[in-house]
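Because the structure is a prediction, the values reported are computed rather than measured. As the structure lists them, so they are numbered: ligands from 1, and atoms in each ligand from 1.
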Amino acid sequence: MRKIDMKGDAKSHPTPEMWAAMNEAELGDDIYGEDPTVNRLEAKAAAMLGKEAAVFMPSGTLSNIGVVLSHSRQGAAVLVGDDSHIFHKGRDVMEALARMEIVGVPTQDDGVLAPDDVEAAFRRCEKDGKEVTLLSVENTHNLKGGLVLDEEDIAAAAEVAHRRGVPLFLDGARVFNAAVALDIPVSDLCRSADSVAFCLSKGLGCPAGSMLCADQDTVSHARVHKKNLGGGMRQIGFLAAAGIVALDTMVDRMAEDQAHAMRLAQGMTGIPGLSVDPDAVQTNVAVFEVMDYDVGAFIQGLERRGVFLDHQEGRKLRFFTHYGISAEDVEHTLEAVEATARELAAG
Ligand SMILES: Cc1ncc(COP(=O)(O)O)c(C=O)c1O
């Protein structure tokens, strides 16, 4: 039975074009800046994002840690959304490494940080004697179901940060999905952010990697943190080669992932015992709730039919679509969802 894996969007395998480029990549020692393919990828990513420089990181987590450490001082604070990936996943490590505090700003239902809330967080830190050194927003917003922040949302956050003399970081693990959904160049979307990290390993379909794009100074600091944290790699031009192919060929096709997520949500609306809102699908994530059945039994029923998805929390499940998921997979998934619901309804 074919495995249809929509637990995450990092589940796809390299495209044939990536394999060919990986096979032929020119290599060098990246720790000394001598890998020509990594250097080409970094220059390309910086240009596409409209930033001065970029560094190839092993993961989105290390990009986030790298940029936060680059802007941290002992006893200071970094403001992030309280439902962001950084707040839920990277916070403890960052706080321990930099001896500063990650402060959560309330996240709106649409993933946006309201300027008034950001301003209030600045004032609270000021009152507590903590200097704020960075503000971070996330796009697309993972835990809000892949929702998109547009240029105005990002500019509004940047306005508060810059008025306070602080840079804005965009955790854009899926920022290309956002740009495709908005049908604008990613550089326009990221214009008011001072630094941006995006993942090569998610919707762009690479086996690994994340790019941190920023001004030269921030990137230089992040390179040092990458090395000190054990993220330095040697002849990795073959991974960078996949990244170059991804930036050339994998951006526009994300519209297909979005259409597949929409089809999944629409197809599930008629299935008894599930709650789903197709209007909430903005990118490559389709979220739904299992109302009338045991959630564990529902997941097992799907897995027996070859379909794997993410259990976000409680009754909430989600499908991430990606390059490895075809239109046929989507139809098979809808049949599996329907059959599982029918089976559980029959007891
Ligand atoms: C918004 C966001 N940022 C960062 C990351 C971390 O990326 P990685 O898994 O490459 O460490 C994720 C992972 O899902 C994410 O959703």
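Taking a heavy-atom cut-off of under 4.0 Å, ligand 1 is surrounded by Ser59, Gly60, Thr61, Asn64, His85, Glu138, Asn142, Asp171, Ala173, Arg174, Cys199, Lys202.
The minimum heavy-atom distance linking Pro58 with Lys226 is given by the pair CD-CE, 4.5 Å.
Under the 4.5 Å side-chain contact rule for hydrophobic residues, Leu134 and Phe198 do not share a cluster.
A salt bridge links Arg163 with Glu159: at least one charged nitrogen is closer than 4.0 Å to a carboxylate oxygen.
With Asn142 as the fixed residue, the side-chain hydrogen bond (donor to acceptor under 3.5 Å, both in side chains) test singles out one of Arg318, Lys89, His85: Arg318.
In this structure, CG in Leu204 is found 11.0 Å from CG in Asp248, a value given to the nearest 0.5 Å.
Both tests pass for Lys3 against the ring of Phe308: distance under 6.0 Å to the centre and angle within 45° of the axis.
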